[in-house]
Amino acid sequence: MNLAIRIPLIFLLFGFSYSSLYADNHLSPEQQKMTIKERNLVYEPWNPADMEQRRKDIGLIGPGTQTPFPEARFPGYLEKPENIDELMPQARYAVSQKGGRAPLGLVEPGDIVLIPLPHHADPMVTEAVTRAFNARRVEVRFIFEYELAGISRADLETIQEIKNVFKAGDGQQELNYLRTTGAFSNWDEAVRWTREKDPELADATWPQFKYPTEEIAQLAKNYPSLVNAAVVKYLDEHPEVNKVFWRTGGRPFAMHALKHHATKMVGNYTYLNNFDIMSKVPAYPSDVWRMIEGKMIEPMSYTDRVEVTDPEGSAFFFELTPEEASIWSQGSYLQGHIFMIPSQSSGIYPFSFIEYPVQENKWLPTVQVTTANGIIASSNSHASNHPRMEIHFTDGYVKKIKGGGLYGDGFRLWLSYPNINDVTWPFQKNPGFWWLFEAGTGTNPKYFKHPGEMLIGSNLSERNAGGVIHWSFGAEVKNGPEEDKEKSARSPKALEFGKDNNLPIGHAMHNHILLPTYQMRLRDSGNWVTAIEHGQIMASRDPEVRAIASRYGDPDEILKRDWIPELPGITSPGNYNDDYASDPGTHWIRWANSIFDGTNAYLSE
């Protein structure tokens, strides 16, 4: 392991040894002597200038990037509204928007809409959206999730105050996605195993919180499932509700939670604070948005090879048969979130491009991409940020993790979870869980990384930004092919498999590539199509897209990315390793504070 860490050498020489606990070797001898804080500074160094050599080492043959790195940018026009009147123009845009993951405009006059809200939703934003819906003659029922579940706000706030211990840089929180998107049925056993193998990592990831009563302790543990059951119960008791917007992401998982009400699910709801509502997302022309997505999907069925790079060090490729490419093109559409790998587009009833959110009647068989080879390098995930990490995979399967702080330690440990590499998941051809599975990309250039999230150790908004790709691993079948179930539901066979084998059945370990270049080789001609370059979706330069955009104003302004990540040594001055890769959490906290106090050097109009 090429070990780099930003700590004094004395800690390595005289630190306490936990070597007896780490028989699985997920920690190097040096790491076994470190404190938990020191372990969370271990990273894999990288020089962005070495990309050409890495391309050769990996065996990339495509054209690669043709333009220099862009300069960092953040929308300086965002303002916090002082009253509801300032919000109303944006709210009216929001309830008319038919594109993306929160297409509130897909409701019709006379509809009755349920939107369950997390407890922290801004009441002024909620009131503005309510008024805007009412003006469209739509009845919207905003109900806090805790109210649906019959839980007091005071108890929920007590739990949140106790659990509010994480910050930017606590990348180990990504391990919790093994429970959520990973659909791990016996999570207590997963935590117990992790604690047995690496108690320090487990304590950093799942602190032993002290709650005032056992009742509140159980509430903290079971709150998500209580909310899920309460939403279903409400819909059972209120059949007049015909449409639902819920959660800020994971639409297929929200549909799973809704059970027999899944067809009422239209999209997510992201307008919880002033960031998205005051952005240019609500007013973004939906026909332009949809055309960009169509242009991204068009080459897929003709593609036989894909190559991906990123200035943080990602470089890999995969090749496709005509059958795999056909499945990819049929299943890649999820409005506002295109699937950029066939495995994610398979094992589903795909969403209709024409009649979204309707699911088609044809089930797409599973694809495992067994030709993927190379490295994904990352410093950001769904949960937070982490010291630079490299994920090395061969023939589609993860073989090695380098760096990554505590996130890397957890990922490395979980590569050896009992039976996770040995059994074959339902509907899959090859054994094992750690297959390259997910590659979701946002498609709207007006989304951005929320600075407020950085200060509470979260990072979900980043995945919405157009051109950002989040990659993850798994052996998932989102929709089972069985006929005696809802199309949106998981396979009963997969659920039984997970319980019987005590294994995840979804996907996990997300890694965000912020400035990807994504290129596709066309099978018949051998020509290359660049879908994304340095995070810029190239369909935005297509003459047809620009022509439609010109109906709404200056196409350059409409199609411009409002956020380009500030990465020292890449999009801003500095040394990539010293100023960023070794401690991204500190960088992003500083960045967030500079956005809030107006001192950031890259604020743009």
Side-chain angles (χ1 to χ4, degrees), residues 58-62 181-182 252 296-297 299-310 314-334 337-348 350 363-378 390-401 411 415 420-421 423-441 469-479 494 504-511 513 516-523 528-529 531-532:
I58 298 298
L60 302 190
I61 58 177
T181 60
M296 294 177 71
I297 293 170
M300 290 179 179
S301 62
Y302 307 103
T303 296
D304 69 357
R305 182 180 172 99
V306 170
E307 295 187 354
V308 183
T309 59
D310 176 85
S314 295
F316 59 97
F317 68 90
F318 56 87
E319 295 185 340
L320 304 173
T321 66
E323 293 75 21
E324 290 169 340
S326 176
I327 290 171
W328 183 22
S329 67
Q330 293 177 68
S332 61
Y333 186 67
L334 178 58
H337 185 86
I338 303 300
F339 302 155
M340 303 300 285
I341 192 169
S343 46
Q344 191 181 10
S345 303
S346 70
I348 61 172
W363 186 77
L364 298 178
T366 57
V367 173
Q368 285 178 311
V369 182
T370 58
T371 57
N373 288 276
I375 299 167
I376 288 176
S378 74
E390 288 188 356
I391 304 162
H392 294 238
F393 45 92
T394 302
D395 297 334
Y397 205 77
V398 177
K399 300 296 184 182
K400 181 168 52 178
I401 309 293
F411 200 161
L415 293 183
I420 204 162
N421 300 305
V423 297
T424 301
W425 269 245
F427 310 106
Q428 305 289 4
K429 296 181 178 65
N430 302 289
F433 179 77
W434 297 115
W435 293 94
L436 183 60
F437 171 79
E438 181 185 33
T441 186
I469 305 178
H470 62 267
W471 301 83
S472 68
F473 305 86
E476 182 167 28
V477 175
K478 275 198 174 68
N479 310 146
I505 59 170
H507 68 273
M509 306 305 195
H510 301 89
N511 294 268
I513 296 184
T517 293
Y518 187 104
Q519 297 177 316
M520 310 152 81
R521 188 179 68 185
L522 303 183
R523 182 178 303 106
W528 288 86
V529 174
I532 305 172

Q | Under the ring-ring contact (aromatic ring centres under 6.0 Å, His included) test, residues paired with Y333 that sit two or more places apart | A | F353

Q | V308 versus L60, closest heavy-atom pair with distance | A | O-CD1, 4.3 Å

Q) CG/L436 to OG1/T394 distance, rounded to the nearest 0.5 angstrom? A) 12.0 Å

Q: Could you tell me which non-hydrogen atom of Y397 sits nearest to which non-hydrogen atom of P431, and how far apart they are?
A: CE1-O, 4.2 Å

Q: Could you give me the CA-CA distance, side-chain angles and deciding distance for F316 and W471, then say whether ring-ring contact (aromatic ring centres under 6.0 Å, His included) is met?
A: CA-CA 12 Å; F316 59 97; W471 301 83; 4.9 Å; yes

Q) Distance-only, no hydrogens or angles: does the Q519 side chain make a donor-acceptor pair with backbone N or O of E307 under 3.5 Å? A) no

Q | Heavy-atom pair with the smallest gap, counting every atom of G331 and P350 | A | CA-CB, 3.8 Å

Q. Stepwise, does the side-chain contact (heavy atoms from CB on, under 4.5 Å) test hold for I58 with T309?
A. CA-CA 11 Å; I58 298 298; T309 59; over 6 Å; no

Q.
Does the plane of the ring in F433 sit parallel, tilted or perpendicular to the ring in W425? Use 30° and 60° as the thresholds.
A. tilted

Q) Out of curiosity, E324 CD to S343 OG, how far, rounded to the nearest 0.5 Å? A) 9.5 Å

Q) Any sub-3.5 Å donor-acceptor pair from Y518's side-chain atoms to M340's backbone N or O? A) yes

(Q) Applying salt bridge (charged side-chain N to carboxylate O under 4.0 Å, His left out), can you list everything that pairs with E319, at least two apart in sequence or on another chain? (A) R305

Q: Could you tell me the separation between the CD1 atom of I375 and the CG atom of D310, rounded to the nearest 0.5 Å?
A: 12.5 Å

Q) Who pairs with F411 by ring-ring contact (aromatic ring centres under 6.0 Å, His included), at least two apart in sequence or on another chain? A) W434, F473

(Q) Distance check, rounded to the nearest 0.5 Å: N373 atom CG versus F317 atom CZ? (A) 4.5 Å

**Q.** Shortest non-hydrogen contact from H510 toward S472
**A.** CD2-CB, 3.8 Å

Q: Look at the side chain of S329 and the backbone N and O of M300, then say whether any donor-acceptor pair between them is shorter than 3.5 Å.
A: no

Q. Does some side-chain heavy atom of L334 sit less than 4.5 Å from a side-chain heavy atom of P252?
A. yes

Q. Is the backbone N or O of M509 less than 3.5 Å from a side-chain atom of N511, with the two atoms forming a donor-acceptor pair by type?
A. yes

**Q.** Straight-line distance of L364 CG to I348 CD1, nearest 0.5 Å
**A.** 5.5 Å

(Q) Show the nearest heavy-atom pair for residues S345 and S332, with the distance to one decimal. (A) OG-CA, 3.4 Å

Q. Residues two or more places apart in sequence or in another chain: which of them pass side chain to side chain donor-acceptor pair (under 3.5 Å) with T424?
A. none

**Q.** Nearest non-hydrogen partners of A531 and M520, listed with the distance
**A.** CB-SD, 4.0 Å

Q.
Tell me every residue that passes salt bridge (charged side-chain N to carboxylate O under 4.0 Å, His left out) with D395, counting only those two or more places apart in sequence or in another chain.
A. none

Q: Apply side-chain contact (heavy atoms from CB on, under 4.5 Å) to the pair W363 and V477, showing each step before the final yes or no.
A: CA-CA 11 Å; W363 186 77; V477 175; 4.1 Å; yes

**Q.** Non-hydrogen side-chain atoms of E438 and E476 separated by less than 4.5 Å
**A.** no

Q | Gap between atom CD1 of I327 and atom OG of S301 - 0.5 Å precision | A | 12.5 Å

Q: Could you tell me whether a side-chain N or O of H470 sits under 3.5 Å from a main-chain N or O of G440, the two making a donor and an acceptor?
A: yes

Q.
Once ring-ring contact (aromatic ring centres under 6.0 Å, His included) is applied, do any residues pair with F339, and if so which ones, sequence neighbours excluded?
A. H337

Q: Report the residue from L320, V529, D304, V306 that forms a side-chain contact (heavy atoms from CB on, under 4.5 Å) with R521.
A: D304

